[in-house]
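Here is the structure we will look at, set down as structure tokens.
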Amino acid sequence: AAASANNIALSQTLAAAGPLALNGSAVTGGVAKLDAPRRIILTSGGNDTGITFTVTGTARVEQGSVAQTETITGANATAATTTQDFATVTRIVSSGATASTVTAGTSGTGSGPWVPWDRQMVDFQVSVAGFVLSGSPTWGVEYTYDDVFGTWLPAGVPFPRAIALSTVTAQSGTKDGQITWTVAASRLTLTAVGSVQLIQTQQGN
């Protein structure tokens, strides 16, 4: 769906470290409930590169709607974004005073859930095919070597690291392709408004 720079928190200035007031159009009862899991953006009117914002909420239903927290560095007169999709946002806390105004909202980027693959196979590949269902989306496929369940992530890596499949990225129509090496999981990511169906099939021995 379309991005909104302030549907979580309207323009405000913080004189010290503390939480933003969640008062945007997506907020009900103090909780921002998003139309679909997507990235959160913090748009700074000044230079906030010296502070961080910690976003707390929940992950997508496919992940059990578990609590999720991500900390991002503020931006300089532009937007900083999370790397993870949030289904809800319950709190955004700044580590210090903001240089000027700041808003919180959603970007136009969102991913589907990771589809984990059977790594008991010695060697396999994954075939993918995307079909545009509505709108004019831009989409691509990402994969990861990391454990998407979070149990075996390396130290200092809070979330699975996504890598774009170079042969299926920035697409606007029907496209198929292959991940021709053994990966842990793959997913669909949209970067423009619309709907895409991604079919993925594991093949191997």
Asp176: partners by salt bridge (charged side-chain N to carboxylate O under 4.0 Å, His left out), with sequence neighbours left out:
none

OG1 on Thr78 to CG on Asn47, rounded to 0.5 Å
11.5 Å

Check which hydrophobic residues are tied to Leu20 through side-chain heavy-atom contacts below 4.5 Å, counting indirect links as well, and list them.
Ile8, Leu14, Leu22, Val27, Leu34, Ile40, Leu42, Ile51, Phe53, Val55, Ile72, Phe86, Val89, Ile92, Val102

Using side-chain heavy atoms (C-beta onward) and a distance below 4.5 Å, is Thr169 in contact with Trp139?
no

When clusters are formed by joining ILVMFWY residues with side-chain heavy atoms under 4.5 Å apart, either directly or through shared neighbours, do Val148 and Val115 land in the same one?
no

Side-chain heavy-atom pair Trp114, Thr144 within 4.5 angstrom cut-off:
yes

So, for Ala75 and Ala80, which heavy atoms are closest and what is the spacing to 0.1 Å?
CB-N, 3.8 Å

Are Phe149 and Pro116 close enough that some pair of their side-chain heavy atoms sits under 4.5 Å apart?
yes

May I ask whether Val193 and Val196 are part of the same hydrophobic cluster, defined by side-chain heavy atoms of I, L, V, M, F, W, Y residues being less than 4.5 angstrom apart, directly or through others?
no

Taking Thr138's backbone N and O only, do any of them form a donor-acceptor pair with Ser172's side chain (distance below 3.5 Å, no angle check)?
no

Any pair counted as side-chain hydrogen bond (donor to acceptor under 3.5 Å, both in side chains), so long as it reaches residues 192-201, sequence neighbours left out:
Ser186-Gln200

Taking Asp85's backbone N and O only, do any of them form a donor-acceptor pair with Gln68's side chain (distance below 3.5 Å, no angle check)?
yes

Which residues pass the salt bridge (charged side-chain N to carboxylate O under 4.0 Å, His left out) test with Glu70, not counting sequence neighbours?
none

Below 4.5 Å, heavy atoms only, C-beta onward: do Leu165 and Glu142 meet side chain to side chain?
no

Would you say Thr106 and Asn7 make side-chain contact, with heavy atoms under 4.5 Å?
yes

Closest heavy-atom pair, Ala3 versus Gly108, reported as atoms and distance to 0.1 Å, is CB-N, 3.5 Å

Verify same cluster id: Ile179, Tyr145 (apolar side-chain graph, 4.5 Å)
yes

Please examine the side chains of Tyr143 and Trp117, heavy atoms only from C-beta on, and report whether any two atoms are closer than 4.5 Å.
no

Closest contact, heavy atoms only, Gly45 versus Ser100:
C-CB, 3.8 Å

List the atom of Ala15, the atom of Ala97, and the distance in Å for their closest heavy-atom pair.
O-CB, 3.3 Å

Less than 4.5 Å apart, side chain to side chain, heavy atoms only: is that true for Phe159 and Leu153?
no

Are Arg38 and Ser111 close enough, and set up right, to give a side-chain contact (heavy atoms from CB on, under 4.5 Å), and what steps lead you there?
CA-CA 7 Å; Arg38 57 172 65 224; Ser111 299; over 6 Å; no

Do we see a donor-acceptor contact under 3.5 Å between the side chains of Thr56 and Thr90?
no

Ala99 backbone acceptor or donor facing Asp48 side chain under 3.5 Å:
yes

Please name all residues satisfying side-chain hydrogen bond (donor to acceptor under 3.5 Å, both in side chains) with Thr54, sequence neighbours left out, ordered by chain then number.
Thr71

Salt bridge (Lys or Arg N to Asp or Glu O under 4.0 Å) pairs touching residues 144-171, sequence neighbours excluded, are Asp146-Arg161

What pair of heavy atoms forms the shortest contact from Arg91 to Val93, and how long is it?
NE-CG2, 3.3 Å

Mind listing the closest non-hydrogen atom pair of Ser136 and Ala192 along with its distance?
O-CB, 4.1 Å

Under 3.5 Å donor-acceptor, Thr82 side chain and Gln84 backbone:
yes

Are the side chains of Thr103 and Leu10 in contact, using a 4.5 Å heavy-atom criterion?
no

Is the backbone of Ala5 close enough, under 3.5 Å, to the side chain of Thr43 for a donor and an acceptor to pair up by distance?
no

Tell me, with the steps shown, if Phe131 and Leu198 meet side-chain contact (heavy atoms from CB on, under 4.5 Å).
CA-CA 6 Å; Phe131 300 88; Leu198 182 69; over 6 Å; no

Given Gln178 and Gln203, is the side-chain contact (heavy atoms from CB on, under 4.5 Å) satisfied, shown in steps?
CA-CA 10 Å; Gln178 290 181 325; Gln203 302 171 337; 4.2 Å; yes

Any side-chain donor-acceptor pair under 3.5 Å between Thr101 and Gln12?
no

